[in-house]
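Bear in mind that the values here come from a model prediction, so they are computed numbers and not experimental data.
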Amino acid sequence: MNIRALHLHTMLTTISREVLHVDEDVDSMFSFIMDGEYTSEDLENAQFLSRSIKELSVLVKKWEVSVLDRIDK
């Protein structure tokens, strides 16, 4: 087993978990903006941030799968 790949997998798992927490916070912020007074810029920024976090989550998962493939070999 490649110890460097295992370590990378551990780091990516941690990053993935933290990205999930940020995504949950962004969803809460989005709800807060929708419930109160907001500008169109606020809404646009919240939507952009939400999309970006979701894209980041997908990228981290893809990388994690790649690392797992290397660990298994």
Run the side chain to side chain contact (heavy atoms under 4.5 Å, CB included) check on E24 and H21 step by step: do they pass? CA-CA 5 Å; E24 290 169 354; H21 291 308; 3.8 Å; yes
Does a side-chain heavy-atom distance below 4.5 Å link [X] with [Y]?
| X | Y | value |
| --- | --- | --- |
| L8 | E64 | no |
| L49 | M29 | yes |
| V67 | W63 | yes |

With distance as the sole criterion, is a donor-acceptor pair present between the side chains of S66 and D69 under 3.5 Å? no
K54/V26 under side chain to side chain contact (heavy atoms under 4.5 Å, CB included): CA gap, chis, key distance, verdict: CA-CA 10 Å; K54 287 175 184 4; V26 169; over 6 Å; no
Joint cluster assignment, [X] & [Y], ILVMFWY side-chain distance < 4.5 Å:
| X | Y | answer |
| --- | --- | --- |
| V58 | I53 | no |
| I33 | V22 | yes |
| M11 | L68 | yes |

Whether the side chain of [X] engages the backbone of [Y] through a donor-acceptor N/O pair (distance < 3.5 Å, no angle test) should be reported.
| X | Y | answer |
| --- | --- | --- |
| S52 | F48 | yes |
| D23 | V19 | no |
| S50 | A46 | no |
| D42 | T39 | yes |

Does CD in E18 sit with more than 12 non-hydrogen atoms of other residues, nucleotides or ligands closer than 6.0 Å? yes
Would you indicate whether K62, at its atom NZ, is surrounded by more than 12 heavy atoms from other residues, nucleotides or ligands within a distance under 6.0 Å? no
Can you measure from OG1 (T14) to NE2 (H9) and round to the nearest 0.5 angstrom? 9.0 Å
